[in-house]
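Okay, so here's the structure we're looking at.
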Amino acid sequence: MSGNLEKIDKDFQKLLTQAKSSKELQDLRVSFLGKKGRLTESLKAIGQLPESERPSFGQKVNELRVVLEGALNKKDQEIRYQEVSAKIQNEKIDVTLPGYVQAKGSVHPLTLVQDKLVRIFSSLGFSIEEGPDIESDYYNFGALNFPDNHPARDMQDTFFTKNKQVLRTHTSPVQVRVMERDTPPIRMIVPGRVYRHDADTTHSPVFHQIEGLCVGPNITFAHLKGTLEAFVQMMFGQNVPVRFRPSFFPFTEPSAEMDVMGPHGTWMEILGCGMVDPNVFENIAQAWSKKYPDEKQNPYDPEKISGFAFGMGIERIAMIEYGITDIRLFYENDLRFLEQFV
Ligand code: DAH
């Protein structure tokens with residue numbers, strides 16, 4: 001009987017030396033000390049012993065159990081220590097290594113300028129509107145008082161779709177869309193993409209404009225001047241001189257172009273503007289009376305309403321602001337260019 005216990009002890013010690021992981025150790029514990037383990041099983045043989053030997057055999061089994069448990073626990077500690085040390089070794093971080101530099105994006109210069117324009121006009125009480133890039137001939141030209149034979153309607157200047165729509169050549173058609181939708185007073189700007197069949201260092205087939213429109217009962221040219229002069233001060237600085245030159249646009253009468261004084265004492269044209277042409281109001285008025293045939297008062301009666309409008313190219317303003325001489329730089333996505341704007 002005791003010989004059997006010795007064998008158990010010997011086998012156990014051998015396996016214990018071989019055990020290399022907590023898992024193996026746990027298996028070992030179960031196979032010797034568990035309910036059906038070898039030591040536990042050995043107790044069952046106690047019945048075959050003469051009664052006088054039973055207590056001392058029982059005691060030996062218990063002693064061995066204590067020894068085995070002690071050995072297991074000690075080995076368990078060793079293995080855990082080894083496991084943790086290995087983990088620390090493997091996961092060691094060399095804090096002296098240089099870090100990975102995260103490439104940071106920056107806002108595109110055209111977006112920077114557009115955001116600044118939008119902020120300025122928002123602060124003057126203008127709301128922001130949008131319209132479609134693909135327009136009807138009516139919104140892009142007809143409603144804006146372009147005569148049928150106007151050169152802008154020529155294929156040379158304008159992109160047409162197969163079904164005779166146009167890629168809008170300016171943001172002005174949104175004036176018509178908003179006036180057909182809303183009653184005055186209107187004070188809005190329209191930032192957006194526009195398209196023209198044109199390409200050189202200062203012209204791109206796709207570019208951006210901001211349109212402005214202010215319509216109300218007694219809007220005058222003085223409002224136009226005051227608004228645009230305030231805009232120039234906020235955009236280019238307090239004391240930048242401006243001037244208005246007479247010009248022509250089909251949808252404004254009178255029309256003007258506004259120049260600002262550049263750093264080298266030269267005048268630079270920055271926008272077109274004017275008083276909304278009564279013919280435009282007449283076109284809107286007709287759309288209203290079609291929509292509301294019973295209304296006696298037409299909100300766009302050219303005799304009772306007036307307004308001013310303006311439009312400018314965002315690229316042009318950005319080129320002035322940053323001293324850029326080739327418009328194509330905006331679209332080439334060359335990081336050496338783009339990274340300069342932060
Ligand atoms: N639509 C004109 C253009 O593309 C710019 C313009 C001029 C807009 C005068 C206006 C305006 O609203 O009043 O050249």
Side-chain angles (χ1 to χ4, degrees), residues 114 117 121 124 126-133 135 137-147 150-154 156-159 166-180 184 186-198 202-216 219-229 231-232 242-260 268-281 283-284 305-317 319 327:
Q114 177 174 307
L117 293 167
F121 282 106
L124 295 172
F126 285 71
S127 63
I128 294 145
E129 298 288 349
E130 286 183 335
D133 288 19
E135 267 296 10
D137 177 273
Y138 178 72
Y139 282 114
N140 196 78
F141 296 122
L144 289 165
N145 198 35
F146 280 77
H150 193 280
R153 291 185 148 177
D154 196 331
Q156 298 288 314
D157 296 314
T158 304
F159 293 112
V166 302
L167 296 189
R168 65 179 180 190
T169 59
H170 51 178
T171 40
S172 305
V174 186
Q175 288 190 26
V176 181
R177 289 182 174 273
V178 171
M179 285 194 279
E180 284 187 358
I186 288 171
R187 206 162 21 159
M188 59 116 184
I189 54 167
V190 184
R193 205 172 269 156
V194 299
Y195 307 83
R196 280 182 208 174
H197 197 291
D198 210 351
T202 53
H203 296 88
S204 157
V206 183
F207 62 107
H208 303 80
Q209 289 188 335
I210 283 203
E211 189 78 14
L213 176 69
C214 176
V215 177
I219 299 295
T220 69
F221 204 91
H223 295 118
L224 181 160
K225 284 185 81 178
T227 303
L228 293 181
E229 281 170 10
F231 153 67
V232 166
V242 302
R243 73 175 182 190
F244 289 85
R245 280 179 292 106
S247 184
F248 176 81
F249 300 101
F251 39 91
T252 44
E253 181 60 32
S255 303
E257 270 159 339
M258 188 169 79
D259 301 341
V260 297
M268 293 179 299
E269 180 196 323
I270 60 160
L271 57 78
C273 58
M275 301 306 293
V276 177
D277 193 300
N279 288 341
V280 173
F281 284 136
N283 291 331
I284 310 288
I305 200 81
S306 59
F308 70 80
F310 57 90
M312 66 190 104
I314 294 177
E315 278 80 352
R316 189 183 187 83
I317 306 281
M319 288 171 87
I327 198 170

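The chain is numbered in sequence order, starting from 1. Just so you know, ligand 1 is whichever comes first in the structure, and atom 1 is the first atom listed for that ligand.
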Item to complete: Number the atoms of ligand 1 from 1 as they appear, then name those within less than 4.0 Å of a heavy atom of Ser172, with their elements.
Response: 1 (N), 8 (C)
Item to complete: Give the atoms of ligand 1, by number and element, whose distance to some non-hydrogen atom of Cys273 is under 4.0 Å.
Response: 9 (C), 11 (C), 13 (O)
Worksheet, complete the sentence: Which of Gln209, His208, His203 passes side-chain hydrogen bond (donor to acceptor under 3.5 Å, both in side chains) with Glu315? It is His208
Response to the item:
Heavy-atom proximity to atom 13 (O) of ligand 1 ranks first, among Ala256, Gly212, Ala309, for Ala309
Worksheet item: Within 45° of the ring axis of Tyr139 and under 6.0 Å from its six-membered ring centre, is that where the NZ or CZ of Arg177 lies?
Response: yes
Practice prompt. Using a strict cut-off of 4.0 Å, indicate which atoms of ligand 1 neighbour a heavy atom of Thr252.
Written response: 13 (O)
Discussion item. Tell me whether Phe310 has any N or O atom under 3.5 angstrom from an N or O of ligand 1.
Written reply: yes
Discussion item. So for ligand 1, is Phe251 a polar contact partner (N or O within less than 3.5 Å, distance only)?
Written reply: no
Discussion item. Is the distance between the ring centroids of Phe121 and Phe310 under 6.0 Å?
Written reply: yes
Worksheet item: If we only count N/O pairs under 3.5 Å, is Thr169 in contact with ligand 1?
Response: no
Fill in: Option nearest atom 3 (C) of ligand 1 (shortest heavy-atom distance, choices Gln175, Glu211, Arg196)
Arg196
Discussion item. Against Phe207, only a single residue in Asp198, Ile314, Thr202, Val194 fulfils side chain to side chain contact (heavy atoms under 4.5 Å, CB included); can you say which?
Written reply: Val194
Worksheet item: In this structure, which one of Thr158, Asp137, Asn140 forms a side-chain hydrogen bond (donor to acceptor under 3.5 Å, both in side chains) with Arg153?
Response: Asp137
Response to the item:
One finds that the ligand 1 atoms under 4.0 Å from a non-hydrogen atom of Phe249 are 7 (C), 9 (C)
Fill in: Subset of ligand 1 atoms that lie under 4.0 Å from at least one heavy atom of Gly274
13 (O)
Discussion item. Would you say CD of Glu229 has more than 12 non-hydrogen atoms from neighbouring residues, nucleotides or ligands within 6.0 angstrom?
Written reply: yes
Response to the item:
ligand 1 atoms nearer than 4.0 angstrom to some heavy atom of Gln209 are 3 (C), 4 (O)
Response to the item:
With Met188 as partner, the option from Val215, Val178, Ile128 fulfilling side chain to side chain contact (heavy atoms under 4.5 Å, CB included) is Val178
Discussion item. Given 3.5 Å as the limit, does a donor-acceptor pair link the side chain of Arg187 with the main chain of Gly212, or not?
Written reply: no
